[in-house]
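Since the structure is predicted, the reported quantities are computational estimates derived from the model, not experimental observations. First listed ligand is number 1; within each ligand, the first listed atom is number 1.
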Amino acid sequence: MSDDCLFCKIIAGDIPSNKVYSDDEVYAFHDISPAAPVHILVIPKNHIPAVIEAGSQDEGLLGRLILRANEIAKQQGLADDGFRYVINSGNYGGQTVSHLHLHILGGRQMTWPPG
Ligand code: 5GP
Ligand code: ZN
């Protein structure tokens, strides 16, 4: 928990969110400003500022984060048509919230390359 972190406050329930999934180590909720018909953020409950700062102790957690995201993607009906995962890191990566998060984006055709 980081006192000045928006997503830690969401995990703690101090800031409301539209929850999709929660377990001991992972929380998922709808993005407040959706960039696609389905836009869900999947985050570790442990405060990791960015994916680049994850360490060997986070190896299992990162795997489980993706597996939980897969379950959510299936539950949201995204598996057949496809979807996109995004993890932004740092300034050039477009990261705006300094708590590691995996975006699940689906429900429309994605384009490449990203802007
Ligand atoms: P980033 O740009 O860091 O990869 O993604 C941060 C995401 O968090 C953005 O898509 C933004 O819309 C979302 N976001 C920012 N503040 C809030 C909030 O208070 N609640 C929710 N649910 N999403 C937020
Ligand atoms: Zn945090």
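- Near Q95, the atoms of ligand 1 lying under 4.0 angstrom from a non-hydrogen atom of the residue are 3 (O).
- For a threshold of 3.5 Å applied to N or O pairs, the pair formed by G94 and ligand 1 contains at least one separation below that value.
- Side-chain atoms of Q95 come within 3.5 Å of backbone atoms of P49 as a donor-acceptor pair (strictly under, hydrogens ignored).
- Close approach of ligand 1 to H101 is summarised as follows: ligand atoms under 4.0 Å from at least one heavy atom of the residue are 1 (P), 3 (O), 4 (O), 5 (O), 6 (C).
- Residues R64 and D23 are not in side-chain contact: their nearest non-hydrogen atoms beyond the backbone lie 4.5 Å or more apart.
- The residue from L105, I15, L6, D31 that puts a heavy atom closest to atom 7 (C) of ligand 1 is D31.
- If you number the atoms of ligand 1 from 1 as listed, the ones under 4.0 Å from a heavy atom of I10 come out as 20 (N).
- With rounding to the nearest 0.5 angstrom, the CD1 atom of I48 is 12.5 Å from the OG atom of S2.
- The closest approach between I87 and ligand 1 stays at or above 4.0 Å for every heavy atom of the residue.
- With hydrogens and angles ignored, the 3.5 Å screen pairs a side-chain donor or acceptor of Y85 with a backbone N or O of N70.
- Under 3.5 Å, the side chains of S33 and D31 contain no donor-acceptor pair of N or O atoms.
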Before you tell me yes or no, could you show the steps for D58 and L100 under side-chain contact (heavy atoms from CB on, under 4.5 Å), namely the whole-Å CA-CA distance, both residues' side-chain angles and the distance that decides it to 0.1 Å?
CA-CA 12 Å; D58 302 311; L100 169 59; over 6 Å; no
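- Between V97 and ligand 1, at least one N/O pair is under 3.5 Å apart.
- Of the heavy atoms in H30, only backbone atoms (N, CA, C, O) come closer than 4.0 Å to ligand 1.
- The aromatic ring centres of H101 and H103 sit less than 6.0 Å apart.
- Surrounding CD of Q57 are more than 12 heavy atoms belonging to other residues, nucleotides or ligands, all under 6.0 Å away.
- Ligand 1 has a nitrogen or oxygen under 3.5 angstrom from a nitrogen or oxygen of N88.
- Which parts of ligand 1 touch F29 is read off a 4.0 Å heavy-atom cut-off, strictly below it: atoms 21 (C), 22 (N).
- Inter-residue side-chain proximity for S89 and E53 is flagged as unmet; no heavy-atom pair is nearer than 4.5 Å.
- For I52, the CD1 atom is loosely surrounded, since the number of other residues' heavy atoms within 6.0 Å does not exceed 12.
- Put simply, CZ on F7 and CG on L41 are 5.0 Å apart, with the number rounded to the nearest 0.5 Å.
- For the residues N18, L41, I32, the heavy atom positioned nearest atom 20 (N) of ligand 1 is part of I32.
- To the nearest 10 degrees, the Zn ion (ligand 2) sees ND1 of H99 and SG of C8 at an angle of 110°.
- Contacts with ligand 1 closer than 4.0 Å are made by no heavy atom of V86, backbone or side chain.
- Interface of S33 with ligand 1, defined as ligand atoms under 4.0 Å from a residue heavy atom, comprises 12 (O).
- Distances from atom 2 (O) of ligand 1 to the heavy atoms of I40, T96, I43 show the closest one on T96.
- Per residue H47, closest N, O or S atom to the Zn ion (ligand 2): atom name ND1.
- Those atoms of ligand 1 that come under 4.0 Å of a heavy atom in F7, given as number and element, are 8 (O).
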